Amino acid sequence: SVLWAPIPGTNLAYLQIAQFAEDTDVELEKALEAINARSPAVEGIVLDLRNNPGGYLHQAINVASQFLPKDTVVLYERNAKGDLEKHVTSSGGLALEVPMIVLVNEGTASAGEILAGALQQNGRARLVGQTTLGTGTVLRPYDLSDGSVLRLGVTNWLTPNQELLKGKGVTPDSAVKLDPETPMLDSFDLEGMTVDKMKDIADTQFKSALLQLKLQLTQIKNAKQP
């Protein structure tokens with residue numbers, strides 16, 4: 001569920017989380033360890049959450065803990081009575097300060113939206129792409145006598161700013177459309193890519209994210225100069 005590759009001609013890394021499976025947090029930790037071990041050091045990350053359908057809620061929180069400081073709000077759950085339950089990050093993140101740009105699209109759903117919203121609303125990363133799907137309801141199954149199952153929505157997921165995900169999604173900071181017929185770049189493409197071929201990338205969302213990340217790094221370097 002986690003793949004990564006160095007971006008040719010840069011000191012940047014592309015990191016993709018395809019879904020939030022049972023061992024996504026372990027896979028992410030291994031990927032970040034490998035990224036941190038590179039020489040020269042990786043200066044920034046493009047995190048790709050496009051077409052991530054979601055998965056386990058606890059995995060979204062564990063993943064967010066790699067990028068956000070301890071006790072940072074990841075999301076709220078609100079039940080029918082209006083009661084709120086807060087979910088926060090734990091300690092030990094391996095990528096708390098590395099500059100990041102996050103890719104999202106209309107296929108980013110559920111736990112993918114939770115992570116995107118948490119990174120955006122806590123000021124950790126800018127989002128590039130298209131507004132996410134807008135699925136943020138916990139469904140509880142009830143077995144019926146005829147063998148069928150009724151799934152009833154029991155709680156809604158809210159962003160750290162207590163904005164409802166259901167029906168709204170997360171709006172990116174920079175809206176960039178991608179033609180449905182244009183293939184999205186992934187780690188396998190980057191592994192076999194030369195610096196010259198980088199110019200021919202058709203994935204406009206990735207190109208925009210890469211450009212914004214480079215600009216962010218330039219601003220950081222300029223701010224450090226006396």
Side-chain angles (χ1 to χ4, degrees), residues 2-17 28 31-32 34-52 63-64 66-69 72 93-108 112-113 115-132 159-161 169-179 182-226:
V2 179
L3 297 169
W4 81 278
I7 299 175
T10 72
N11 289 336
L12 308 175
Y14 168 87
L15 177 64
Q16 179 186 26
I17 302 178
L28 177 61
L32 290 175
I35 290 172
N36 290 341
R38 283 188 63 82
S39 180
V42 169
E43 297 178 340
I45 292 174
V46 175
L47 175 61
D48 196 346
L49 298 178
R50 293 177 295 179
N51 291 344
N52 183 317
V63 167
Q66 293 289 357
F67 303 112
L68 294 165
T72 301
L94 296 178
L96 299 179
E97 297 182 1
V98 60
M100 288 199 312
I101 297 291
V102 180
L103 286 167
V104 294
N105 66 359
E106 67 278 5
T108 307
E113 297 176 276
L115 178 60
L119 294 174
Q120 180 192 51
Q121 294 187 5
N122 284 297
R124 179 63 181 86
R126 288 176 55 84
L127 306 187
V128 173
Q130 294 167 278
T131 301
T132 63
T159 66
N161 290 348
V170 179
T171 302
D173 300 285
S174 180
V176 181
K177 291 185 178 181
L178 184 66
D179 190 306
T182 302
M184 292 185 296
L185 194 79
D186 60 24
S187 61
F188 298 106
D189 297 325
L190 288 170
E191 284 177 356
M193 189 173 292
T194 64
V195 175
D196 289 338
K197 287 185 177 180
M198 286 286 292
K199 303 175 184 178
D200 300 326
I201 292 175
D203 187 341
T204 52
Q205 292 176 337
F206 172 82
K207 290 172 70 174
S208 178
L210 183 59
L211 180 63
Q212 292 189 44
L213 182 56
K214 289 180 177 179
L215 178 60
Q216 182 178 340
L217 289 169
T218 299
Q219 293 172 339
I220 292 173
K221 289 178 181 178
N222 289 341
K224 291 181 179 180
Q225 293 179 356

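Values in this document were obtained by computation on a predicted structure and should not be read as measured data. Because only heavy atoms are used, hydrogens play no part in the values below, and waters and symmetry mates are left out as well, while side chains stay in.
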**Student:** Mark yes or no for whether N52, through its side chain, and I17, through its backbone, hold a donor-acceptor pair below 3.5 Å.
**Tutor:**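 Present.
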**Student:** Below 4.5 Å, heavy atoms only, C-beta onward: do L213 and P99 meet side chain to side chain?
**Tutor:**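 Yes, close enough: below the 4.5 Å cut-off.
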**Student:** Determine the sole option in V195, L190, I45 for which the side chain to side chain contact (heavy atoms under 4.5 Å, CB included) test with I7 is passed.
**Tutor:**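 Output: one option passes, namely L190.
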**Student:** If only atom types and distance count, is the side chain of Q66 paired as donor or acceptor with the main-chain N or O of L94 below 3.5 Å?
**Tutor:**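 Confirmed, Q66 side chain pairs with L94 backbone.
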**Student:** Taking side chain as C-beta onward, heavy atoms only, is N222 less than 4.5 Å from Q225?
**Tutor:**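 Yes; the side chains approach each other to less than 4.5 Å.
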**Student:** State, to 0.1 Å, how close D189 and D186 come at their nearest heavy-atom pair, and which atoms those are.
**Tutor:**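 So the two residues come closest at N-OD1, 3.0 Å.
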**Student:** Looking at Q121 and N161, would you say the former's side chain and the latter's main chain have a donor-acceptor pair under 3.5 Å?
**Tutor:**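 Yes, the answer is positive, given that a donor and an acceptor are paired below the 3.5 Å cut-off.
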**Student:** Side chains of Q212 and S208: do they bring a donor and an acceptor to under 3.5 Å?
**Tutor:**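 Short answer, yes.
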**Student:** If you take all heavy atoms of A31 and V2, which pair is closest and at what distance?
**Tutor:**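 Smallest interatomic distance, heavy atoms only, reads CB-CG1, 3.9 Å.
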**Student:** Examine distances only and state if a side-chain atom of N105 and a backbone atom of N51 form a donor-acceptor pair shorter than 3.5 Å.
**Tutor:**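 Side chain of N105 to backbone of N51: a pair is present.
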**Student:** With rounding to the nearest 0.5 angstrom, report the CG to CG distance, L15 to L32.
**Tutor:**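 With rounding to 0.5 Å, CG (L15) is 6.0 Å from CG (L32).
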**Student:** Look up atom CD in Q219 and atom CD in Q216, then write down how far apart they are to the nearest 0.5 Å.
**Tutor:**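 The CD atom of Q216 is 7.5 Å from CD of Q219, to the nearest 0.5 Å.
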**Student:** How far apart are the closest heavy atoms of P40 and N11, and which atoms are they?
**Tutor:**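 For P40 and N11, the tightest heavy-atom pair comes out as CG-OD1, 3.4 Å.
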**Student:** So do the side chains of T72 and F67 get within less than 4.5 Å of each other, counting heavy atoms only?
**Tutor:**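 T72 does not reach F67 side chain to side chain.
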**Student:** Identify the two heavy atoms, one from V104 and one from A116, that lie closest to each other, and give their separation to 0.1 Å.
**Tutor:**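 In terms of heavy atoms, the two residues are closest at CG1-CB, 3.8 Å.
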**Student:** Measuring from L47:CG to L103:CG, what's the distance to the nearest 0.5 Å?
**Tutor:**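 Going from CG on L47 over to CG on L103, the span is 8.0 Å.
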**Student:** Quick one: does N122's side chain have a donor or acceptor within less than 3.5 Å of a partner on R124's backbone?
**Tutor:**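 Not a single qualifying donor-acceptor pair exists.
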**Student:** Taking all heavy atoms of P160 and all of A118, pick out the closest pair and write down the distance.
**Tutor:**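 P160 and A118 have their closest heavy atoms at CG-CA, 3.9 Å.
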**Student:** Decide yes or no for L127 and S174: does some side-chain heavy atom of the first lie under 4.5 Å from some side-chain heavy atom of the second?
**Tutor:**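 Answer no - side chains too far apart.
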**Student:** Side-chain contact test, heavy atoms from C-beta onward, threshold under 4.5 Å: evaluate it for M184 versus Q16 and give yes or no.
**Tutor:**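 M184 vs Q16: side chains apart.
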**Student:** Considering only heavy atoms from C-beta outward, does the side chain of L215 approach that of L211 to under 4.5 Å?
**Tutor:**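 Result no, sub-4.5 Å side-chain heavy-atom pair not found.
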**Student:** Compile the donor-acceptor pairs under 3.5 Å between side chains in residues 197-205 and protein atoms, sequence neighbours left out, one pair per line.
**Tutor:**
| unit_1 | atom_1 | unit_2 | atom_2 | d |
| --- | --- | --- | --- | --- |
| D203 | OD1 | R50 | NH1 | 3.0 |
| D203 | OD1 | Q205 | N | 3.2 |
| D203 | OD1 | F206 | N | 3.1 |
| D203 | OD2 | R50 | NH1 | 3.0 |
| D203 | OD2 | R50 | NH2 | 2.9 |
| D203 | OD2 | L185 | N | 2.8 |
| T204 | OG1 | K177 | O | 3.1 |
| Q205 | OE1 | R50 | NH1 | 3.0 |
| Q205 | NE2 | Q130 | OE1 | 3.2 |
| Q205 | NE2 | V176 | O | 2.8 |

**Student:** In Å, rounded to the nearest 0.5 Å, how long is the span from CH2 of W4 to CZ of R38?
**Tutor:**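 Rounded to the nearest 0.5 Å, the CH2-CZ separation comes out at 5.0 Å.
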**Student:** For side chain to side chain contact (heavy atoms under 4.5 Å, CB included), just list the numbers for Q120 and D173, CA-CA rounded to whole Å, side-chain angles, deciding distance to a tenth of an Å, and then say yes or no.
**Tutor:** CA-CA 8 Å; Q120 180 192 51; D173 300 285; 3.3 Å; yes
**Student:** Are any of the side-chain heavy atoms of L12 and L210 separated by less than 4.5 Å?
**Tutor:**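 SC-SC contact between L12 and L210 confirmed.
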**Student:** Measure from the side-chain N and O atoms of T132 to the backbone N and O of V170, and report whether any donor-acceptor pair falls under 3.5 Å.
**Tutor:**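 Yes; at least one donor-acceptor contact below 3.5 Å.
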